[in-house]
Amino acid sequence: MIIARSILELRKALEVKKGSVGFVPTMGALHIGHRTLIDAARRENDTVVVSIFVNPTQFLPGEDLSKYPRREEADFKICELSGVDVLFYPDVSGMYGEDEVRICAPDLRGYILEGASRPGHFDGVLTVVMKLFNQVRPTRAYFGKKDAQQLALITQMVENFFMNVMIIPLDTVRESDGLALSSRNVYLDSIQRQEALKLSAALKKATEMVMRGEVESNAIEAQMRRILEPLEVEYVAIVNRAFQSLSQVVIGDTIVLVAARVGTTRLIDNVWM
Ligand code: PAF
């Protein structure tokens with residue numbers, strides 16, 4: 001595995017590679033969810049590139065960027081053992097300069113749900129993903145469905161800017177008790193980890209209600225909020241794949257989403273129907 005710490009090193013590593021490039025952008029603290037993305041990239045492409053870059057522009061003032069988990073050595077090992085060809089590990093000065101052009105998230109879809117809780121977050125995500133795509137020039141890029149809104153906005157950016165990359169969404173990976181894997185789970189103590197199960201339990205309830213024929217969003221959201229008590233819920237939402245609010249679940253075009261705080265840790269989860 002080649003570790004490229006600059007765009008020049010990345011270009012050098014990639015210029016000798018032939019065929020398709022599968023790309024998994026990450027912020028490190030890799031877990032089985034990332035492994036699933038890397039494995040898919042490995043199966044479907046000639047070359048696999050993973051980036052690890054804790055992107056400062058997607059953190060809001062007050063969100064503690066310095067506390068984001070960093071595990072360089074373990075992450076490098078995971079990439080190596082997963083058959084990654086090139087690990088792109090740039091530093092902030094290699095990615096950003098002064099007074100730069102930035103990508104703006106769309107006014108509506110970029111500022112609801114996650115975008116309402118974290119205004120400007122998606123500008124940072126889209127800007128760094130655009131930079132990474134232009135550096136890596138992947139054939140396919142792999143993203144988890146857990147960050148559903150991020151996935152929708154990146155897919156939209158690729159369409160709106162006529163970018164030549166296929167976005168491949170993959171299902172959320174869960175612990176055996178239902179907890180969605182997330183780099184933030186490391187912040188949970190054992191009691192909080194139990195509390196965190198309320199998110200997947202609420203989504204399970206939503207699925208059960210729909211399977212029983214209850215499709216009214218209000219009824220489903222009310223039941224979910226009951227299960228989530230006493231967590232500090234940021235939102236429960238039922239939207240279509242274009243992130244428009246739905247008054248009724250439409251099978252094949254619905255995402256049920258939840259964001260809540262467990263202690264000081266903000267968790268998100270969703271289910272696609
Ligand atoms: O999902 C993430 O880890 C990040 O938002 C991403 C896509 C790597 C951009 O920094």
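Predicted model only: the values in this text are computed from it and were never measured. Counting starts at 1 for both ligands and their atoms, in listed order.
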Under 3.5 Å donor-acceptor, Asp253 side chain and Asn240 backbone: no

Passing candidate, side-chain contact (heavy atoms from CB on, under 4.5 Å) with Tyr142, options Val50, Asn45, Ile167, Asp39: Asn45

Protein heavy-atom partner closest to atom 5 (O) of ligand 1 - residue, atom, separation in Å: Gln150 OE1, 2.7 Å

Thr26 contact mode with ligand 1 (heavy-atom cut-off under 4.0 Å): backbone

Heavy-atom nearest neighbour in the protein, as seen from atom 10 (O) of ligand 1, with distance rounded to 0.1 Å: Gln58 OE1, 2.6 Å

Atom indices of ligand 1, in the order listed, that fall short of 4.0 Å to a heavy atom of Val128: 9 (C), 10 (O)

Distance-only donor-acceptor check, side chains Asn55 and Gln58, under 3.5 Å: yes

Donor-acceptor contact below 3.5 Å, side chain Asp75 vs main chain Leu30: yes

